[in-house]
Number of protein chains: 2
Amino acid sequence: MSENGAAGGGLRERKKRATRAALAEAAIRLAAEHGAEKVTVEAISAAAGVSVRTFFNYFDTRDDAFVVIDADAGARIRQALLDAPAGLGPMEALREAISAELAEAEQQRELWRLHTDVLNASPHLLVRNLGAHMADETALAEAIAARLRPGEPVAAPGTGAEERRRALELYPRLLAALAGTAVRVSVEHWCSREQETAFPDVFREVFALLAAGLPAPSA
Amino acid sequence: MSENGAAGGGLRERKKRATRAALAEAAIRLAAEHGAEKVTVEAISAAAGVSVRTFFNYFDTRDDAFVVIDADAGARIRQALLDAPAGLGPMEALREAISAELAEAEQQRELWRLHTDVLNASPHLLVRNLGAHMADETALAEAIAARLRPGEPVAAPGTGAEERRRALELYPRLLAALAGTAVRVSVEHWCSREQETAFPDVFREVFALLAAGLPAPSA
DNA sequence: ATGCAAAGATGCACGCTCTGCAAAATGAGA
DNA sequence: TCTCATTTTGCAGAGCGTGCATCTTTGCAT
């Protein structure tokens, strides 16, 4: 399985990702134009240039195509986090990983805006989107924990063993939640205005503001 | 529309309620036996002795048949609350209204147990059930507010006008929430055990315990 | 380059959900 | 009883989702 997500890989993987992206984009554009309920699987498939049957090879449900723009983004971030230089603290590594990912999204600004419109138009889809984010957050917390485990002590030396253990359990979830919040707020802010600021920069600012309230684990 | 729910009415209304109840009961029994996902609308309709088309006259969606046993219960409680003798305080009136309703449910004990099994087996349906309860609670809060408005001051005389206004706004929601919680806890308790205690009595006890923590509005 | 094996895409058939429409059945009331 | 309104029902049809067989593409070793 190799926890896919990176840009590389064989032609096969690249084509698969392209097809998935084409389907998701077609679904969102059509939904933004006609309303999600009015968009048939046939229309989406046609717009993406594949057969209806193929659509269901990528999505279990019609609605799934509306829920997330890029289902692999979370996996890519986790991978980047694990691949980051060992010298970087978990917070910095995470910030960079997400920044890089959002830089990709930068080029699809319009699509992101349409997506939020689609979600806001149907609470039904908004709920599913929220669920997807929560799942991503959980997976991210595990990745953070994995990165943290080998070296770098989490609590300052001299702390009680019990406190230290609890911090070790809690910190990944907390950091993942912080990151999730930062992304959400950034997306909202970035989508709502007709602004020139680059997406990753918006994120870095929000992240820094949030992180200022969260003490670093080792200090 | 007349806010239906009462037992009376013409033959027509009675038949409609019977059909609806038959469909809901059939749906739940079949779901408890074979799993909700495996139960077709055709099977439910056949078990209830009506056509498939008629099923969709009563429920917008197949899943709707699994969500609540009696969709009119909330309306009946609200009606009973409004019809209660004027001397009764809102809390007593509400307790009596719900007790009476649960006495009806007493005779369907087995069905209620099956229903909780069905809901617990599919989180999907559990969520919809929760939503239905929340909607009922909101409607109930409005009924409470309506009963409260004409006479009976809510806050003790001598209280500031501002505090009084806020209490008037808050109290109905609080009481409705309390009632909802009492019902939920009672159902859980009543369903989980093989006990002899009458359902309304369980409820009255739970209600009393919860209410002990909620000061009466006028005292 | 060539051929083989794995993986993906496609077409087809099928069952199920849900809707609109028109006809038949049934309760309400004069 | 006779009429009117409501309800039930069957039918046709669009759409969703799945299983299966087939065909094409990709990856890889020779």
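Proteins come first, then strands; the chains are lettered A, B, ... in the order of their sequence lines, and each starts at number 1.
For the pair B:K15 and C:dT26, the criterion of a side-chain N or O lying under 4.0 Å from OP1 or OP2 is not met. Regarding contacts with the backbone of D:dT9, a side-chain N or O of B:T54 is found under 4.0 angstrom from either OP1 or OP2.
Taking the nucleotide of DNA chain D with the nearest heavy atom to each of A:V39 and A:R53, the more 5' of the two is matched to A:V39.
The side chain of A:F56 has D:dG17 as its nearest neighbour among D:dG17, C:dT17, C:dG8. In the set C:dG27, D:dG27, C:dT10, the nucleotide with an atom closest to the side chain of A:L11 is D:dG27. Proximity note for A:K16 (side chain, C-beta onward) versus C:dT17, C:dG8, D:dC16: the nearest is C:dG8. When each of D:dC16, C:dG8, D:dT8 is scored by its nearest atom to the side-chain atoms of A:R12, the top-ranked nucleotide is C:dG8.
Distance, A:Y58 OH to D:dT18 P: 17 Å, rounded to whole Å. Straight-line distance from the CG atom of A:N57 to the P atom of D:dT24: 17 Å, rounded to whole Å. Taking atom CZ on B:R62 and atom P on D:dG17, their separation rounds to 12 Å, with Å as the unit. In this structure, CZ of A:F55 is placed 16 Å from P of C:dG11, rounded to the nearest angstrom.
For the pair B:R20 and B:F59, the cation-pi criterion (under 6.0 Å, within 45° of the ring axis) is fulfilled.
The aromatic rings of A:W112 and A:W190 sit perpendicular, their planes meeting at an angle over 60°, well past the 30° parallel limit.
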